[in-house]
Amino acid sequence: MNRELVRLYPDARCELDFTTPLELLVATILSAQCTDKRVNAVTPELFRRYRTAADYAGAEREELESLIRSTGFFRSKANSIIGLGQALCERHGGEVPSNLDDLVRLPGVGRKTANVVLGNAFDVPGITVDTHFGRLARRFGWTEATDPVKVEDEVAGLFPAKDWTMLSHRMIWHGRRICHARRPACGVCALAHWCPAYGAGPTGEDEARTLVRNGPFS
DNA sequence: ATCCCGAGGG
DNA sequence: CCCTCTGGAT
């Protein structure tokens, strides 16, 4: 199955623009409920003004908010980013830590964000279970769990660690483009012939029930 | 109107 | 577990 996804999306990758772990961390925080394209529209100016963790720690709130405003949730994101800068300076000498435990303790950094940074800035294999990954993993029959950590653990047992990061990208691409939450485009899905959720009865999951109710096409 | 690659807080 | 934070695309 991974083979099918590789064939489908050979060049899947992180679509956020960044050059350093700190930039990726900030971009990923900004990407919540926001397209990567919009994040990439604000980060050039943002990264020009704020280059180090100390820069974020000492940021003037109003200015930071205005720079990131169009990514949505700008007040809470600005809060997170300032707190992030402070925490990085206080606990990690201004550097971005490269392990999950330290990353997750940072303000505004949940497990999903932490895994994105590990996989894309540090080449540490990580399964990024966001809303897409979880939904597709359940439709594919890889897990029945809804808890992202359980999904992560169960899927980790199915694939070698070297594949985790790219698998995450491909799952997320497919989820965004084809295997939507509400009306999955099964009619144009190259995986439909293989997919347990295609044309199958209820699987006990909301999205699958919606699929069955609406029919696999359109 | 409704949805979207989350995280924190009550 | 549910709520909130927010803007932009469709």
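Values reported hereafter were calculated over all heavy atoms of this structure, with side chains retained and with hydrogens, waters and symmetry mates removed. Bear in mind the structure is a predicted one, so any value in this text is a computation, not a measurement. Residue numbering restarts at 1 for every chain, and letters A, B, ... go by the order of the sequence lines.
- Across every non-hydrogen atom of V104(A) and R111(A), the tightest pair is CG2-CA, 4.1 Å.
- When the P atom is compared between dT6(C) and dT2(B), the two are found 22 Å apart, to the nearest whole Å.
- The separation of dC5(C) from dC3(B), taken at their C1' atoms, amounts to 16 Å, rounded to a whole angstrom.
- A side-chain N or O of R61(A) and one of N79(A) form a donor-acceptor pair less than 3.5 Å apart.
- Residues W164(A) and V124(A) do not share a hydrophobic cluster, defined by chaining ILVMFWY side chains whose heavy atoms lie under 4.5 Å apart.
- Of all heavy-atom pairs spanning A192(A) and C186(A), the tightest one is CB-O, 3.8 Å.
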If the sugar-phosphate is the primed atoms plus P, OP1 and OP2 and the base is the rest, what is the B/S/- string for nucleotides 5-10 of chain B, using protein heavy atoms under 4.0 Å?
-> BBSS--
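- Heavy atoms of other residues, nucleotides or ligands lying less than 6.0 angstrom from CD of E63(A) number more than 12.
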Verdict with reasoning, T52(A) to D55(A), per side chain to side chain donor-acceptor pair (under 3.5 Å) | CA-CA 5 Å; T52(A) 68; D55(A) 292 339; 3.3 Å; yes
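- Counted by atom type alone, H169(A) and Y9(A) present zero donor-acceptor pairs between their side chains at under 3.5 Å.
- Side-chain contact, H132(A) with R135(A): a donor N or O sits under 3.5 Å from an acceptor N or O.
- For DNA chain C, the outermost nucleotides in 5' to 3' order that have an atom under 4.0 Å from a heavy atom of chain A are dC5(C) to dA9(C).
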